[in-house]
Amino acid sequence: MNRSRITFTLNELVYVLNSTADRLLRANFELTYSQFLFLVTLMSQDKPTPSYLAECLGVSRAAVSQRLSWFQERSLVKVSRVFGNEKNLSLELTRKGELLATQSADFLDKEFRILFDGGSSVDLEKLDKTLTQIKTQLIKNLESRNAA
């Protein structure tokens, strides 16, 4: 079978990228890739609840709740009560958490781009646009199928 199987190739690529990111983050920031995703996802939200952050990460609310103490002990995440609703919590990065998320994200991007510097025929900007178009089209198609 010599057919191109893009879904397999993309999954293999994501696995290699995530494994490499985990190794680099552990070595340079004492942070796992999973912890990194928690931070950068939280950074992209405006004081989400643990439930909403869990939804964004594709994990259970319990998974988020169980990890909060690790981030709080390191002064990376601040947990507050939602004003007017004492049952709900609100999450936000501390200044230290923001700095770690930004520095580690910049570091990973730089490390990835180094692989393609000098002589590579891969246009990373074009690749990013193409992958974004594919993602957008997949989401659009999935939403239209769910609505039917």
Side-chain angles (χ1 to χ4, degrees), residues 6-118 120-146:
I6 191 163
T7 55
F8 289 92
T9 303
L10 286 172
N11 278 304
E12 290 169 351
L13 173 63
V14 168
Y15 173 78
V16 171
L17 283 171
N18 291 349
S19 298
T20 302
D22 188 70
R23 181 180 50 76
L24 289 169
L25 289 166
R26 286 175 189 266
N28 293 278
F29 295 92
E30 297 180 357
L31 193 66
T32 67
Y33 184 63
S34 176
Q35 292 162 340
F36 166 79
L37 287 178
F38 188 102
L39 292 173
V40 296
T41 302
L42 180 54
M43 185 169 64
S44 71
Q45 305 300 316
D46 183 29
K47 298 182 181 180
T49 63
S51 296
Y52 186 73
L53 182 61
E55 184 180 323
C56 292
L57 290 167
V59 300
S60 69
R61 186 195 186 296
V64 168
S65 295
Q66 289 171 352
R67 302 185 82 189
L68 281 178
S69 61
W70 187 91
F71 291 100
Q72 286 180 288
E73 288 167 7
R74 287 155 182 81
S75 301
L76 300 172
V77 172
K78 178 183 172 191
V79 179
S80 308
R81 298 269 177 210
V82 174
F83 182 74
N85 185 346
E86 294 300 310
K87 287 184 179 181
N88 280 338
L89 299 177
S90 161
L91 308 176
E92 66 181 305
L93 291 179
T94 63
R95 179 69 189 123
K96 182 179 176 183
E98 286 179 18
L99 192 60
L100 179 59
T102 301
Q103 287 177 340
S104 56
D106 290 347
F107 171 81
L108 284 180
D109 192 61
K110 180 178 151 239
E111 288 294 312
F112 179 74
R113 288 177 180 278
I114 286 171
L115 297 173
F116 294 93
D117 279 350
S120 175
S121 63
V122 176
D123 181 339
L124 293 179
E125 303 312 317
K126 186 175 180 181
L127 176 61
D128 183 57
K129 269 186 162 174
T130 301
L131 292 173
T132 300
Q133 287 174 333
I134 291 170
K135 179 183 80 170
T136 301
Q137 189 63 41
L138 286 171
I139 291 169
K140 181 180 170 185
N141 286 343
L142 288 173
E143 288 173 351
S144 67
R145 285 184 181 177
N146 287 339

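As the structure is a computational prediction, the values presented were derived from the model and not from experiment.
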If the threshold is 4.0 Å, N to carboxylate O, is there a salt bridge linking R26 and D22? yes
Beyond-backbone contact of D106 with K110, side-chain heavy atoms, under 4.5 angstrom: no
Exceeds 12 heavy-atom contacts within 6.0 angstrom, atom CD1 of I6: no
Sub-4.5 Å side-chain heavy-atom contact between L68 and L91: yes
What closest approach, in Å, do T94 and S75 show between heavy atoms, and which atom pair accounts for it? OG1-O, 2.5 Å
So, does D128 use its side chain to make a donor-acceptor pair with the main chain of L124 at under 3.5 Å? no
Do the side chains of L93 and K78 get nearer than 4.5 Å, heavy atoms only? no
Any pair counted as ring-ring contact (aromatic ring centres under 6.0 Å, His included), so long as it reaches residues 36-70, sequence neighbours left out: Y33-F36, F38-F71
Check: R74 main-chain N/O paired with K96 side-chain donor or acceptor under 3.5 Å: yes
Using only atom types and a distance under 3.5 Å, with no angle test, would you say the side chain of S104 pairs donor to acceptor with the backbone of A101? yes
Check whether any side-chain heavy atom of V79 sits under 4.5 Å from a side-chain heavy atom of Q72, and report yes or no. yes
Quick one, M43 and T102 - any side-chain contact, counting heavy atoms below 4.5 Å? yes
How many angstroms lie between atom CZ of F107 and atom CG of L24, to the nearest 0.5 angstrom? 5.0 Å
Does the T49 side chain pair with the main chain of S90, one donor and one acceptor, at a distance under 3.5 Å? no
Side-chain ion pair, R113 and E125, N-O less than 4.0 Å: yes
If we only count heavy atoms from C-beta on, is the T20 to L108 side-chain gap below 4.5 Å? no
Polar side chain donor-acceptor pair, T32 to Q35, under 3.5 angstrom: yes
L42 side chain near P48 side chain, heavy-atom distance below 4.5 Å: yes
